[in-house]
Amino acid sequence: MKRKRSPKSLPPPPSTPPTPQTQTRHSTNVSKSRVWIPLNLTRQELSLPLTFPTGQTFRWKNTAPSQYTGVVGPHLVSLKQLQNGDVCYSLHTQSGDAKSALLDFLNADVSLADTWKVFSASDERFAELAQHLSGARVLRQDPFECHVEGFDFHAFPTLQQLSLVSEQQLRNAGGEEWLRSLRKLELQDVISELSKLPGVGPKVAACIALYSLDQHHAIPVDVHVWRIAQKYLLPELAGSKLTLKLCNRVAEAFVTKYGKYAGWAQAVLFIAELPSQKALLPSHLKTTKQQTPTKRENREEAVTLMGGESGDWRNKCWRLRHDTQKSIFCEIEHGSSTMHIVTSSFPNLQSWLTEVDNEISVEDMGQAEVETKIESVRSGKNSWMTE
DNA sequence: TTGTGACCTGG
DNA sequence: CAGGTCACA
């Protein structure tokens, strides 16, 4: 659903014969006569190109450079980013208080500046990404539209049954209110309620929750997020298969790291992975093209050497790379320092040497435990490479 | 509850 | 095929 370029063209906007003017495709004339009203949102708070075409909605159309047109409640509206970054809107219909509806839709109550400060404090990489992706915001869509959208997209086996029902019928059936009522619930309840809908699984449920139900810490775990998590958040899980349980673990990890707006952080990390947006990033931030490793290679990289007992070895982050077919390079973060272990002729982990940053000695790192763990890997006690 | 296989669809 | 959901053990 979300996050997959929409191949479809948008459904026609609700009947709203706009300006009596001729509907010229080129909007030069239209634009001139159009009234643009400023929202007090800067590019720091809202970047249209980093918010609308990034997978959270497919109902907005890019109608001009830096301009997007879509529907908010009863209003057909265009949003435009000026050269100076300020965002303006223009109504295509004479309707009442569109501005507040628009600000609501844009989640304007949430300050990106404040939110990102928290993220950046706990994640250096985020801080750097944020420099280049400022204004990437999570919208507050209408829950019903959000669901229908995801539904349109997946349209899985249940399509036949449900396509018999028109959108209007669904709305009238009270589903709209029911959906909206979920805003008051806890995330877990929201997910379980949404999952009752046909075609809605954990991922779509999290999308709806995050993008329309004020569940700012909902994390839709799809393969992209899973890759991000394996790379930066839970390296010890690299190579595992993405099961439902792991999905939950990934979501937990996001919340643990980024807090109650974790979904907003996820959105940024996600778009940083989009090929279309990577162009914005300096090369050192571009995620190396993951030439999807084979399962076996993956598992070889996925050695988990976490110490079992609590203490120093807990919460340590292990990252292993299979640099050559002969050796493994292991990077262990320990507080602010890093220890490296290089093993030769993997999987015969007979010899290993350490290379220690500054004064952290091997003993300080718990050499005995490292050896124990490596030995257990060698003797096949660990679960990786179950072949 | 968790893990598996069948089953859909758009790129 | 790759991504998701669902039914089932």
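A, B, ... follow the sequence lines: proteins, then strands. Residue 1 opens every chain.
Remark: of the listed residues A:Arg140, A:Arg180, A:Arg59, A:Arg59 is the sole one forming a salt bridge (charged side-chain N to carboxylate O under 4.0 Å, His left out) with A:Glu145. When A:Val200, A:Asp142, A:Leu213, A:Leu194 are each tested for a side-chain contact (heavy atoms from CB on, under 4.5 Å) with A:His147, only one passes: A:Val200.
Residue A:Glu273 contributes atom CD, which lies 13 Å from atom P of C:dG3 at whole-angstrom precision. A:His147 has its NE2 atom 17 Å from the P atom of C:dG4, to the nearest Å. We find that NZ of A:Lys196 is positioned 15 Å from P of C:dA7, with the value rounded to whole Å. At whole-Å resolution of the value, CG in A:Leu246 and P in B:dG3 are 7 Å apart. Straight-line distance from the CG atom of A:Leu194 to the C1' atom of C:dC6: 17 Å, rounded to whole Å. Taking atom CG on A:Asp222 and atom P on C:dT5, their separation rounds to 10 Å, with Å as the unit. Taking atom CG of A:Leu244 as the reference point, atom P of C:dT5 lies 10 Å away to the nearest angstrom. Per the geometry, NZ belonging to A:Lys203 stands 13 Å off P belonging to C:dC6, to the nearest Å.
Note on A:Arg227: a side-chain N or O is less than 4.0 Å away from OP1 or OP2 of C:dG3. Remark: A:Thr243 is in phosphate contact with B:dG3, judged by side-chain N or O atoms under 4.0 Å from OP1 or OP2.
In this structure A:Tyr89 satisfies the ring-ring contact (aromatic ring centres under 6.0 Å, His included) test with no other residue, sequence neighbours excluded. Listed by chain and number, the residues in a ring-ring contact (aromatic ring centres under 6.0 Å, His included) with A:His75 amount to none (sequence neighbours excluded).
Set against C:dT5, C:dG4, B:dT4, the side chain of A:Lys241 has B:dT4 as its closest nucleotide. The listed nucleotides are B:dG3, C:dG3, C:dT5; the one nearest the side chain of A:Val223 is C:dG3.
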